[in-house]
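In what follows, residues are counted from 1 in the order of the sequence shown.
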Amino acid sequence: MPQTPSDNTPNDLDDRDAVVGLPERDVADEVVARVLARAGTARAEGGTVHSAHDGDQLDLAERAALRRVAGLSTELQDVTEVEYRQLRLEKVVLVGLWGSDGVTADDAEVSLRELSALAETAGSEVLDGLLQRRQKPDPGTYLGSGKAAELAGIVAACGADTVVVDAELAPSQRRSLEDVVKVKVIDRTALILDIFAQHAKSREGKAQVELAQMEYMLPRLRGWGESMSRQAGGQVGGAGAGMGSRGPGETKIELDRRRIRTRMAKLRREIAAMAPSRATKRGSRRRGHIPSVAIVGYTNAGKSSLLNALTGAGVLVENALFATLDPTIRRAQTEDGRVYTLADTVGFVRNLPHQLVEAFRSTLEEAGEADLMLHVVDASHPDPEGQIAAVRTVLADVPGADRVPEVVVLNKADVADPETVARVRLHERRTIVVSAHSGEGIDNLLELIARELPRPAVEIDAVVPYDRGDLVHRIHEEGEIDEEEHLGTGTRIRGRVDADLAAQIASVAVR
């Protein structure tokens with residue numbers, strides 16, 4: 001791989017090969033294909049490939065109906081000419097570091113390729129990617145002044161208008177790097193928030209994403225010139241400025257911060273008001289003693305595809321990161337007739353912004369309230385162990401998630417390396433190998449779910465009078481029936497139910 005001269009910072013001599021540039025291509029499509037070739041996301045040429053379980057995919061058709069027209073950009077050359085611009089990715093260069101906190105070059109490259117997939121999902125065109133070996137990020141420009149100047153030359157040479165950094169930048173680092181490269185600079189957190197803003201559909205999801213964006217934006221507000229001036233009122237000018245303008249006054253940036261805090265408080269109230277509805281639905285399922293199964297996992301691991309394969313839900317399936325954000329709950333039934341629910345939750349990613357974890361806490365509660373957790377892993381990814389660790393790091397902050405039995409579902413077995421599958425199965429206690437696309441292993445997974453679901457605890461052998469058909473119906477819905485016989489006095493049922501239903505049956509049973 002090509003090497004570039006060292007930065008003028010006093011690092012060790014190994015910095016001579018600190019910056020690593022990915023190979024260049026002239027055609028944009030070939031660049032994207034090259035950068036994503038080893039991303040391990042089982043991407044198919046020509047777009048997403050669907051199976052018979054995925055349904056009509058009307059949401060995907062709607063999402064693809066609007067495309068960006070190239071060549072219509074009015075982007076300014078100097079980012080200091082405007083106070084605020086909406087995040088809009090077009091042609092980007094990716095930047096990352098390795099060498100600190102035990103991060104190896106391979107780990108950094110996998111993370112950078114994932115960042116490339118995130119940038120593509122946001123609607124951009126990836127032109128190049130750079131990795132720098134550095135003991136710790138520069139507090140000024142993140143890369144150091146020398147490497148930042150080299151990056152500015154690369155950006156100008158390839159015609160990029162955005163630099164995406166594979167880390168969360170401090171506000172001062174972002175401003176300093178923008179001053180050097182003369183194009184817009186965003187970090188990994190801003191990129192993920194932008195994708196969430198594009199894909200959120202429900203009222204609760206949109207409110208959660210907006211709250212996370214404002215939490216991220218609040219310490220990063222900036223302004224120039226008149227935007228920083230004091231607010232004045234009354235008779236402005238001369239010795240007396242009039243009422244309302246005496247004293248230090250309030251700057252425009254302070255006014256913006258106050259408005260953002262007010263909006264954040266309103267969003268928190270709205271999200272809190274939506275929580276009882278979700279809790280009520282969970283409570284009704286609990287009162288009906290309907291077991292629940294939560295599907296969790298890394299983004300693009302195939303959670304929605306698995307939900308479609310298990311229930312025929314027909315939810316959106318797209319070969320992109322964070323394609324679906326809003327939780328989907330579907331009713332399912334075991335082979336012996338027991339009813340349960342399957343909940344598809346939001347996907348995770350390395351270094352998931354803490355703002356999103358907090359904002360989506362009510363959604364993640366589905367995992368903590370479940371009776372069984374299906375942890376879906378992309379077995380075709382070059383680092384499935386890293387994905388598993390990233391998901392468990394987020395779940396550690398979800399109340400009750402550590403008490404839910406977990407089964408690791410190794411998905412995409414039709415394109416996975418058998419050695420990788422064997423390695424993961426060796427380290428994980430409970431695993432099952434499936435392919436949601438081809439249907440391989442789905443029957444075995446259904447059998448496993450039926451075995452792992454909680455079973456009614458009380459055995460009954462009673463005759464229920466015919467005028468209490470409601471109890472017989474509940475036994476069919478909530479319990480397990482071993483034997484059923486129609487007698488002259490009522491319906492004799494032998495099986496298992498929960499304690500509450502057993503008490504009601506005992507009170508009306510024919511002796």
Side-chain angles (χ1 to χ4, degrees), residues 32-54 104 106-107 109-118 120-121 293-310 315-324 342 344-345 347-350 372-393 395 406-449:
V32 174
R34 170 186 59 78
V35 175
L36 300 178
R38 292 170 53 199
T41 54
R43 293 174 178 268
E45 295 183 3
T48 307
V49 178
H50 294 96
S51 66
H53 304 291
D54 294 329
T104 65
D106 291 339
D107 294 338
E109 185 171 342
V110 169
S111 181
L112 198 69
R113 294 185 187 278
E114 181 177 88
L115 185 69
S116 174
L118 287 168
E120 183 193 353
T121 301
V293 179
I295 301 177
V296 302
Y298 211 77
T299 181
N300 208 35
K303 298 182 298 299
S304 298
S305 298
L306 185 64
L307 180 67
N308 289 340
L310 292 175
V315 299
L316 182 143
V317 171
E318 185 179 7
N319 197 12
L321 305 186
F322 298 114
T324 53
L342 273 165
D344 178 20
T345 60
F348 304 138
V349 73
R350 288 180 180 86
L372 178 65
M373 187 185 302
L374 300 182
H375 184 167
V376 184
V377 178
D378 181 0
S380 66
H381 195 274
D383 184 23
E385 293 89 351
Q387 291 191 350
I388 294 174
V391 172
R392 287 175 176 167
T393 298
L395 289 176
E406 177 191 28
V407 176
V408 176
V409 181
L410 298 175
N411 193 23
K412 305 184 183 180
D414 52 332
V415 293
D417 182 3
E419 293 184 0
T420 301
V421 173
R423 186 179 72 241
V424 176
R425 300 192 72 176
L426 182 64
H427 293 91
E428 295 297 328
R429 186 171 60 89
R430 305 174 66 192
T431 61
I432 186 170
V433 181
V434 304
S435 172
H437 179 70
S438 65
E440 174 187 350
I442 295 299
D443 292 338
N444 295 333
L445 179 58
L446 289 171
E447 293 176 4
L448 183 147
I449 293 174

Could you go through residues 426-434 and list every donor-acceptor pair under 3.5 Å that involves a side-chain atom there, pairing it with any protein atom two or more places apart or in another chain?
unit_1 : atom_1 : unit_2 : atom_2 : d
His427 : ND1    : Arg423 : O      : 2.8
Glu428 : OE1    : Arg392 : NH1    : 3.4
Glu428 : OE1    : Arg392 : NH2    : 2.7
Glu428 : OE2    : Arg392 : NH1    : 3.3
Arg430 : NH2    : Glu452 : OE1    : 2.7
Arg430 : NH2    : Glu452 : OE2    : 2.4
Thr431 : OG1    : Arg425 : NE     : 3.1

Item to check | Note, Ile388 side chain near Val424 side chain (heavy atom, < 4.5 Å) | outcome: yes

Next on the checklist: Using side chain to side chain contact (heavy atoms under 4.5 Å, CB included), reason through Asn300 and Thr121 one step at a time and then give a plain yes or no.
Outcome noted: CA-CA 11 Å; Asn300 208 35; Thr121 301; over 6 Å; no

Item to check | side chain to side chain donor-acceptor pair (under 3.5 Å) partners of Ser111, counting only residues at least two apart | outcome: Asp166

Checklist outcome for this item: Interatomic distance, CG@Leu374 vs CD@Glu406, rounded to 0.5 Å, equals 9.5 Å

Item to check | Qualifying residues under side chain to side chain donor-acceptor pair (under 3.5 Å), relative to Asp414, sequence neighbours excluded | outcome: Ser435

Next on the checklist: How close do Ala301 and Val377 get, counting heavy atoms only, and between which atoms?
Outcome noted: CB-C, 4.2 Å

Item to check | Partners passing side chain to side chain donor-acceptor pair (under 3.5 Å) against Asp107 (at least two apart in sequence or in another chain) | outcome: Thr104

Next on the checklist: I need the minimum non-hydrogen distance between Ile442 and Ala309, along with the two atoms involved.
Outcome noted: CD1-CB, 4.0 Å

Next on the checklist: With rounding to the nearest 0.5 angstrom, report the CG to NZ distance, Asp378 to Lys303.
Outcome noted: 10.0 Å

Item to check | Nearest-0.5 Å distance, CD1 of residue Ile449 to CG of residue Asn444 | outcome: 11.5 Å

Checklist entry - From Leu306 CG over to Asn411 CG, what is the distance, rounded to the nearest 0.5 angstrom? => result 6.0 Å

Checklist entry - Roughly how far apart are Gln387 CD and Thr299 OG1, rounded to 0.5 Å? => result 9.0 Å

Checklist entry - At what distance, to the nearest 0.5 angstrom, does OG1 of Thr420 lie from CG of Leu410? => result 10.0 Å

Item to check | Gly297 to Val391 - nearest heavy-atom pair and separation | outcome: C-CG2, 3.7 Å

Item to check | Pair Phe348-Leu395, side chain to side chain contact (heavy atoms under 4.5 Å, CB included): steps then yes or no | outcome: CA-CA 10 Å; Phe348 304 138; Leu395 289 176; 4.0 Å; yes

